[in-house]
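These notes concern the structure reproduced below.
Every number for a ligand or one of its atoms is a count from 1 in the order of the listing. Throughout, numbering of the chain's residues begins at 1 and tracks the sequence. A quick note: this is a predicted structure, and the numbers were derived from the prediction, not measured.
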Amino acid sequence: MNKLREDALRIINNSIDSVLPEHAVKSQLSSMSLGENIYLVAIGKAAWRMAKAAKDFLKEKIKNGIVITKYEHSQGIIEGLQIYEAGHPIPDENTLKATRKVIEMIKNLGKDDEVLFLVSGGGSSLFELPNEGIELEDLQKLNNDLLKSGANIVEINTIRKHISQVKGGQFAKIAEPAKIYALILSDVIGDRLDSIASGPAYPDSTTLEDVKKIISKYNLSLPENLLHAFSETPKSLRNVDTYIIGSVNKVCENAKLIAEQLGYNSIILTTTLDCEAKEAGLFLASIARELIEKDRPINKPCAVILGGETVVKVQGNGLGGRNQELALSAARGIYNYEDVIIVSVGTDGTDGPTDAAGGIVDGQTINKLIKQNIDVEFALKNNDSYTALDAIGGLIRTGPTGTNVNDLIFILCGA
Ligand SMILES: Nc1ncnc2c1ncn2[C@@H]1O[C@H](COP(=O)(O)OP(=O)(O)O)[C@@H](O)[C@H]1O
Ligand SMILES: O=C(O)[C@@H](CO)OP(=O)(O)O
Ligand SMILES: [Mg+2]
């Protein structure tokens with residue numbers, strides 16, 4: 001493996017390791033003084049690791065607890081906690097079953113009880129009980145349409161919150177009068193607390209008016225029963241304290257430190273990349289060319305680091321994810337350039353409905369695709385980035401990481 005690729009993989013692995021949730025959970029808990037009657041609820045892709053850290057720290061103070069995470073994201077038994085796995089990014093039967101268990105556990109709590117609510121991205125699909133009149137099939141179709149529409153996560157979750165019994169602050173209402181302490185691992189740009197996992201314990205800033213606008217903006221066609229099932233969400237809550245314990249900012253800062261230790265001049269360009277994945281790829285390639293040809297805006301060897309979450313309007317029937325699509329698109333702009341790599345990777349370890357975390361491309365990627373008879377333009381049009389990158393060794397596979405703080409994207413240039 002060449003040095004640039006080796007360094008890129010090291011930056012990816014070490015910076016994701018630096019945002020695993022154990023340390024953040026323990027350090028937050030050690031600054032709080034919780035009582036002796038704690039009920040734990042952990043939701044999201046990082047739920048298992050967050051819950052394990054909390055249990056190790058609080059021990060017998062936790063009276064009961066439920067963890068809901070994505071399939072293949074549980075790492076085994078945690079004594080005293082019930083662990084469920086469920087569907088993501090589309091909710092399934094197990095989502096509803098596990099959510100009902102949580103409601104049963106917290107609905108009759110008293111004012112001296114406390115709920116430790118550990119929240120990470122993925123929670124929207126894993127923690128859900130829809131409003132009366134909505135069947136699971138309706139909910140699944142709506143989620144599928146939303147995820148393919150090109151809407152961003154704030155828009156998607158605005159809709160999800162208004163057909164739910166637990167999202168948009170409603171979980172906190174059910175737990176009243178118990179106090180909720182929410183520890184949040186953010187995977188939403190700008191750390192919007194009412195969007196992360198659809199904010200089950202945060203006052204909702206969005207309204208039914210916003211729902212109407214999003215339905216019309218993305219031309220969504222909803223069945224009649226769904227249109228009648230929307231409900232307004234709470235705009236204030238009195239029983240919740242919220243703490244953000246990790247975000248994309250941290251993974252970018254750590255990637256910068258690691259790149260510097262490896263000898264690369266490094267900058268963070270943005271932590272809020274949010275445009276179309278294909279456009280982001282071409283934009284990154286143009287920056288790479290500036291670095292190579294003009295040594296601007298920093299001198300080689302260098303790392304230019306970005307964080308955020310791009311969007312994809314899925315119109316083809318191929319296989320891929322936003323990070324793979326960004327990387328494949330970027331390959332077009334660095335065709336035949338030497339000593340440059342562009343990487344895009346989801347810190348949760350799974351990009352779209354695939355087993356890859358993201359993509360890694362260089363100046364030879366397009367030549368390798370040509371040799372395999374793969375037309376990059378067709379692959380992009382068909383949203384088939386996984387198949388294309390897989391054929392030429394351009395996928396990054398980490399497996400589920402146990403954390404989730406959005407996507408890490410970077411350019412690495414040799415001397
Ligand atoms: N074939 C595809 N190519 C590109 N993106 C896709 C494809 N299929 C689904 N997606 C995108 O993958 C997203 C879900 O991916 P996922 O990695 O689970 O998101 P997150 O990490 O935010 O939970 C969808 O919103 C959709 O836009
Ligand atoms: O659960 C959710 O609503 C989102 C954002 O937090 O996470 P993910 O994109 O991982 O599904
Ligand atoms: Mg997401």
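In this structure, the protein non-hydrogen atom closest to atom 1 (N) of ligand 1 is Asn383 O, 2.9 Å. Atom 11 (C) of ligand 1 has Val314 CG2, 4.4 Å as its closest protein atom, hydrogens excluded (heavy atom only). Nearest protein heavy-atom neighbour of atom 23 (O) of ligand 1: Lys45 NZ, 2.8 Å. Atom 7 (O) of ligand 2 has its closest protein heavy atom at Gly122 N, 2.8 Å. With respect to atom 9 (O) of ligand 2, the closest heavy atom belonging to the protein is Asp187 OD2, 3.7 Å. Regarding atom 25 (O) of ligand 1, its nearest protein heavy-atom neighbour is Leu147 O, 3.3 Å. The protein atom (non-hydrogen) at minimum distance from atom 18 (O) of ligand 1 is His88 CE1, 3.4 Å.
Under a 4.0 angstrom heavy-atom cut-off, Ser125 registers as lying outside contact with ligand 2. Under the 4.0 angstrom criterion for non-hydrogen atoms, Pro353 is in contact with ligand 1. Residue contact annotation: Gly321 has a non-hydrogen atom under 4.0 Å from ligand 1. At a 4.0 Å cut-off, not a single heavy atom of Glu309 sits close enough to ligand 2 to count as contact. Heavy-atom distances between Gly318 and ligand 1 reach below 4.0 Å in at least one pair. Ligand 1 lies out of reach of Lys313, whose nearest heavy atom is not under 4.0 Å from it.
The side chain of Asn157, and not its backbone, has at least one atom closer than 4.0 Å to an atom of ligand 2 (non-hydrogen atoms only; side chain from C-beta on). Contact annotation for Asp348 and ligand 1: only side-chain heavy atoms (C-beta onward) come within less than 4.0 Å of the ligand. Residue contacts with ligand 1 for Asn404 are absent, since no atom lies close enough (heavy atoms, distance under 4.0 Å). At a heavy-atom distance under 4.0 Å, no atom of Leu126 approaches ligand 2. Proximity of Asn404 to ligand 2, defined as any heavy-atom pair under 4.0 Å, is confined to the side chain (atoms from C-beta onward).
Asp92 places a side-chain heavy atom less than 4.5 Å from the side chain of Tyr71. Side-chain contact between Ile409 and Leu273 is present, with heavy atoms from C-beta onward closer than 4.5 Å. With a 4.5 Å cut-off on side-chain heavy atoms, Lys26 and Asp56 count as touching. Within the 4.5 Å cutoff, the side chain of Glu155 has heavy atoms near those of the Tyr218 side chain.
Less than 4.0 angstrom separates some heavy atom of Leu319 from each of these atoms of ligand 1: 1 (N). Taking every heavy atom of Val312 and a limit of under 4.0 angstrom, the matching atoms of ligand 1 come to 4 (C), 5 (N), 27 (O). Within ligand 2, the atoms closer than 4.0 Å to a non-hydrogen atom of Val188 are 5 (C), 6 (O), numbered from 1 in the order shown. Each of the atoms 17 (O) of ligand 1 lies under 4.0 Å from some heavy atom of Asp351. Counting atoms of ligand 1 from 1 in the listed order, those under 4.0 Å from a heavy atom of Glu325 are 3 (N), 4 (C). Near His88, the atoms of ligand 2 lying under 4.0 angstrom from a non-hydrogen atom of the residue are 8 (P), 10 (O), 11 (O). For ligand 2, the atoms sitting less than 4.0 Å from at least one non-hydrogen atom of Ser124 are 1 (O), 2 (C), 3 (O), numbered in the order shown with element in parentheses. For ligand 2, the atoms lying closer than 4.0 Å to a non-hydrogen atom of Lys45 are 10 (O). Annotation for ligand 2: atoms under 4.0 Å from non-hydrogen atoms of Arg160 are 3 (O).
Using a cutoff of 4.0 Å between basic side-chain nitrogens and carboxylate oxygens, Arg5 and Asp362 are not scored as salt-bridged. Salt-bridge formation is not detected for the pair Glu253/Lys250: no Lys NZ or Arg NE/NH1/NH2 atom is positioned less than 4.0 Å from an Asp or Glu carboxylate oxygen. Using a 4.0 Å cut-off between charged side-chain N and carboxylate O, Lys70 and Glu85 make no salt bridge. By the 4.0 Å N-to-carboxylate-O rule, Asp375 lies too far from Lys381 to be salt-bridged with it. Between Glu22 and Arg49 there is a salt bridge, with a side-chain nitrogen of the basic residue lying less than 4.0 Å from a carboxylate oxygen of the acidic one. Salt bridge Lys256/Glu260: present, at least one basic N to carboxylate O contact under 4.0 Å. Using a cutoff of 4.0 Å between basic side-chain nitrogens and carboxylate oxygens, Lys161 and Asp194 are scored as salt-bridged. Between Arg332 and Glu377, at least one side-chain N (NZ, or NE/NH1/NH2) sits under 4.0 Å from a carboxylate O, which counts as a salt bridge. With salt bridges taken as basic N to acidic carboxylate O contacts below 4.0 Å, one links Glu309 and Arg322.
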Kindly determine whether Asp113 and Lys179 satisfy salt bridge (Lys or Arg N to Asp or Glu O under 4.0 Å), including the steps that lead there. CA-CA 7 Å; Asp113 295 320; Lys179 174 93 186 178; over 6 Å; no
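Without hydrogens or angle criteria, Lys278 side chain to Leu380 main chain gives a donor-acceptor distance under 3.5 Å. Using modelled atom types, one side-chain atom of Asp351 and one backbone atom of Gln324 make a donor-acceptor pair closer than 3.5 Å.
Residue Ile153 places no N or O, backbone or side chain, under 3.5 Å from any N or O of ligand 2. Residue-to-ligand polar distances place Ala197 within reach of ligand 2: an N/O pair is separated by less than 3.5 Å. Taking distance alone, with nitrogen or oxygen atoms compared against 3.5 Å, Arg322 approaches ligand 1 more closely than that limit.
The six-membered or imidazole ring of Tyr243 lies away from that of Tyr181, with a centre-to-centre distance of 6.0 Å or more.
Of the listed options Ala277, Pro89, Gly352, Gly320, Gly320 places a heavy atom closest to atom 7 (C) of ligand 1.
If you look at Glu309 and ask which of its N, O or S atoms sits nearest the Mg ion (ligand 3), the answer is OE1.
Note: Phe117 and Phe171 have tilted aromatic rings, judged against thresholds of 30 and 60 degrees for the angle between ring planes.
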